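Quick notes on the structure that follows.
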2 protein chains.
Amino acid sequence: MNGKATTIRTRLERGRSALGPALELVHTGRAPTRAVLTAELGVTRATAGAVAAELEALGLIQVDSRPGAAAGSQGRPSHRLAVNDSGPVVLAAQIHADGYRAALVGLGGRTVATAPGRKTVSADPAQVLGAVVDAGAQLLRDSGRRCVGAGLAVPSAVAEPEGTALNPLHLAWPAGSPVRDIFAEQVREAGIAGPAFAGNDVNLAALAEHRHGAGRGAQHLLCVATGHRGVGGALVVDGRLHTGSSGLALEVGHLTVNPDGRPCYCGGRGCLDVETDPLAFLTAAGLAPGPETSLLQQSRELLRGQYGDPAVRAACEELIDRLGLGLAGLVNILNPDRIVLGGLHRELLDADPERLRAVVADRSLWGRSGGVPILPCTLDHNSLVGAAELAWQPVLDDPLAALAASQGPA
Amino acid sequence: MNGKATTIRTRLERGRSALGPALELVHTGRAPTRAVLTAELGVTRATAGAVAAELEALGLIQVDSRPGAAAGSQGRPSHRLAVNDSGPVVLAAQIHADGYRAALVGLGGRTVATAPGRKTVSADPAQVLGAVVDAGAQLLRDSGRRCVGAGLAVPSAVAEPEGTALNPLHLAWPAGSPVRDIFAEQVREAGIAGPAFAGNDVNLAALAEHRHGAGRGAQHLLCVATGHRGVGGALVVDGRLHTGSSGLALEVGHLTVNPDGRPCYCGGRGCLDVETDPLAFLTAAGLAPGPETSLLQQSRELLRGQYGDPAVRAACEELIDRLGLGLAGLVNILNPDRIVLGGLHRELLDADPERLRAVVADRSLWGRSGGVPILPCTLDHNSLVGAAELAWQPVLDDPLAALAASQGPA
DNA sequence: TGAGTTTGTGCCGCACCTAAACAAACTACG
DNA sequence: CGTAGTTTGTTTAGGTGCGGCACAAACTCA
C-alpha cells in the first residue's frame, strides 16, 4: 500500500534529503572526505559541502580542517570527515543466556562506555531489562553524553511489528513476551531520551558486521552463528536487515543437513540446529558436555587447543560437512555474495577453512563457478553494536527529525 | 558502493520524481482515481493532478472526465484513471520446452495481441530467439503500436548482470548461453525500439502474479511452481523481484523433503525437485509417464479427472506432504506473507487445499500462530506477462527518460 | 434550494539543488 | 624558486518541483 509512498517520500518531505545518506556514508566509513562524499552521493560539491556543514552543526560529524589532515596525491588536500567523537550516543543492551550487558555506542559503531557484564538471570523480563537499563542509565550519567535512542538484542526471534520474543529458549522468559515494549517502558522510566527498539541477536550481529566488520561492502550478506545451543541466521540486503514480512525470516535451524541424523523437536530429523551446535560438537567428540552456558566456550577451547586429537578432528570435520550442506542450501535459496560465520561455526571455519569452502562449493548449484567468500566475524560484541545500529537507524534515515524527536519532548 | 546514491537519486535527478510511482499505481490498478492517487503518493491534490496530466500527455494513461464515470458516495465524483488502451506496448517472449510464444502487452498487464504458439525447437538459441522476435515484429507491424522495450522468459536460471542462461535443461541449448544479449541483438535487428531483458520464467511469473494476479498486495510473495520437470521458486519483496546478488536466488529445488527419498543429481537425496514434480507424481501413481513435454498435462488430467482413484489420491497426498515440507522450510527462511503456487503444485493445492495448508502450518516454526495464505496462481501465461513487466520496468521507474530513450535513437 | 462534502485547479512562495565562476592548497616540473 | 596544473572548497545566481492556500466544480442529502 504505502510502499511506493515510502519510495518518493525522500523527495517529498522537506529538509535536506541527502542528509541521511551522507551521515550513513560517514557512519560506515565510506566517506572519509568531502570529495568522496560528493562522488558517493552523486551531487555537486556545493551540495555535499552544505550537507557536511549541516551535519557538523548538528554535532554528528567532525570536519578536520587542519592542513595535512588528508594526504592526497595531487591538488588541494581534502578535509577529513569523521563521526563526532563527543557527539550523541545510543544505549545498547544485550541479553544472553549468562546474563546481560549494556554499553553506550557512538556513530561509527564506536563503543564509548561498557558496563561490566552481569550474570543476573530472572524469569521476569521486566526485572532483567530493568537491570540492564539501569546499568545503561548509570553509564549515561557518568559520561554526560546525549542519548538519542536505545536498542536491545535478545536471543530469540522477535516478531514485528509487535516486538515480542517468540522463543526465548535460553532465558526462562515466557514465549511471546513483549520485550520491545517492556524495554521501551524501562528506558522511558529511566529518563533516557529517544525511541527504543529490539531485535534478534544474530540479526543484529549481522547488521553490525555489515556496517563495521567482515560484511562491509557486501550487497547480500548471509550470517550464520551459534550460541551455546541452536543456530541462527540473518540476511542483510543492500544495507538493510531482511527480516521477512513479520520479522521471522532466516530461521535456518531446521534445514535438513543429515538425512540419517538425530530427531529434532521440530518434527524432522538431522536439522542444522541439532547437528551443528556446540552440544552436537561435544557429543560427536565423545566429550561429556558441561553446563549449558559453557558449551560454546568448552567447544572453542577444544578446537583451538586439541585439534590434533583424532576424535576432536573427526567431530570437527563431521560438523563442517553438515554445516557446509546447510550453507549450500541457503546459498541456493538466497544467493548471497558473502557469508560471515559466528560462534562455533566461526571456530569450525578457522579450524579448516578449505574443507568448509569445498563442501559449500560442491553442494551449491552454482558454487563451481566462483564460490561465495566465507569469512569469520570480526567484531567483538557484534550483537551489542548491532543493537546500537538499530537505535541509530532513525538518525541515519532523517537526522533532523530524529534529533528533534529525542530533544523536543525532553 | 552506489547503493546509497540510488536512494537519493529520486530526489536529485530532475523531472517529476512522482511520475514513476504514480504510473506504477495506475499500472497495478491501485489508483483508480486522482483522489486515491493523491492519498497513495502522499502528495497534495495539486501535485497528483499535475502528475496525472503529464502521464496523460505522455500517452501512458487515460483520464475519463465524463460525468458519472466514477460513482462516489458523496461529494464531487472523481475522474477515472486508467492505462491508455492505445498507448505504447512492449514485446513479451517466452521460450518453453514445447516451443515459443510472443505477445504484445500494454500497461496494466493487458495482452494486446498474441502470436499462436509455435513448436519450433532448436539447439541454437539464436535461431529460436530470432523466430520469436520475428513473430513479435509481425505483431507490431500489424498493430501499428509503439514499442518501448522487450522482455524474454526462459526456463533456466539467468545470471545477472551477464544475462546468461545457466541451465536451460529442457531446451537443448548450451549452458551459459548469453540469451539476454542474443535476444537484444535480434530485437535490435528487427528494428524494435527500446531495451531488451531476460529472466527466469518462474521469477517472471511471480512478478506478474504480484502485480496483476493472486499476489496483489503481498509484501513478501513466495511463488513455487513446476513445469514438466523440476521445481522453481521466486520471491517478490516490496514489489521487486528478489534475485539475490547474481540472479540465482530461490533455487528451491534441492531442499531435502524426504530423508528416505530417491537420489538427486545434485548429490543429495529426496530433493523437492525430484519428489514433487510431474514425473514424481506419475511415478507415485503407478503410471507410465508419457513424453517429457506432456508430463504436466498428463498429471493435471489425472488429478482433475481421476481423483477418486485410490492410487491417484495416495500419490497426491504423498506429494502434498513433500511439498508442504518444502514450503515450510521456505517459510522458515523467507517468512513470506503469501504463497502462490503454479504448475503441478497448483493442481495439488486445488485437489486438497486443507491438507497442504495443514502440513505447512505444522512444519513451519511459527505456522501455528496464523499460517501463511497459500493460493493458486490466477493469470494465464503469467511468465509472458512477467516478461512484459521486465520491459515495462524502466518506464515505471522513470517514464520521461524511458520514453525518450526508446524514441530518440529511433 | 441551500448546506455539506469531496474533487480538481490556479497561483504563490519556499526550499533544495545545479551550474558556474572563483578561491584555496597542494604537486610537478623546469 | 616560481609557474602551470590539479583537485578541493565556497560563493552566488537561477531553476524547479512541491506544499499551502484559495477557489471553483460537481455531486448528495435534507
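Please read all numbers here as calculations on a predicted model, not as lab measurements. Proteins get letters first, then strands, A, B, ... in listed order; numbering begins at 1 in each.
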Query raised in the report: How long is the line joining CD of Glu54(A) and C1' of dA15(C), in whole Å?
Result: 11 Å

**Report entry** Test item: Arg338(B) side-chain N/O and Ala214(B) main-chain N/O as donor-acceptor pair under 3.5 Å
**Finding:** yes

Report summary line: Regarding the side chain of Thr47(B), the nearest nucleotide among dG8(C), dC17(C), dG19(D) is dG19(D)

Report task. Ignoring the backbone of Pro77(A), work out which of dC29(D), dG19(D), dA25(C) is nearest its side chain. Result -> dA25(C)

Query raised in the report: For the atom pair CG (Leu107(A)) and CG (Leu23(A)), what is the distance rounded to the nearest 0.5 Å?
Result: 5.5 Å

Query raised in the report: Can Glu389(B) and Arg211(B) be counted as an ion pair, charged N to O under 4.0 angstrom?
Result: yes

Query raised in the report: Between Arg34(B) and Glu56(B), does at least one N-O distance fall below 4.0 Å, as a salt bridge requires?
Result: no

Requested in this report: Establish, with yes or no, whether the OP1 or OP2 oxygen of dC18(D) is under 4.0 angstrom from a side-chain nitrogen or oxygen of Ser17(B).
Outcome: yes

Requested in this report: Look only at the side chain of Asn382(B) and the backbone of Glu209(B), and say whether a donor-acceptor pair between them is shorter than 3.5 Å.
Outcome: no

Query raised in the report: Contact class for Ala46(A) vs. all strands (heavy atom < 4.0 Å): base, sugar-phosphate, or nothing?
Result: base

**Report entry** Nearest-nucleotide pick for Thr44(A), side chain only, options being dC29(D), dT8(D), dT18(C)
**Finding:** dT18(C)

Query - base_contact_polar (dG9(D) base, Arg34(A) side chain, donor-acceptor, <3.5 Å) - result: no

Requested in this report: Using whole Å, report how far CD of Gln74(A) lies from P of dC29(C).
Outcome: 8 Å

**Report entry** Whole angstrom value for the distance that separates P of dG8(C) from CG of Leu41(B)
**Finding:** 13 Å

Report task. Starting from the 5' end of DNA chain C, give me the residue, Val51(A) or Thr38(B), whose nearest nucleotide shows up first. Result -> Thr38(B)

Query raised in the report: dG9(D), dT18(C), dT7(C): which one has an atom nearest the side-chain heavy atoms of Arg45(B)?
Result: dT7(C)

Query raised in the report: Checking only heavy atoms, does the side chain of Arg76(B) share a donor-acceptor pair with the base of dT7(C) at less than 3.5 Å?
Result: yes

Report summary line: The nucleotide from dT6(D), dC29(D), dG8(C) with an atom nearest the side chain of His79(B) is dG8(C)

Report task. Starting from C1' on dC16(C), measure out to CG on Asp398(A) and report it in whole angstrom. Result -> 15 Å

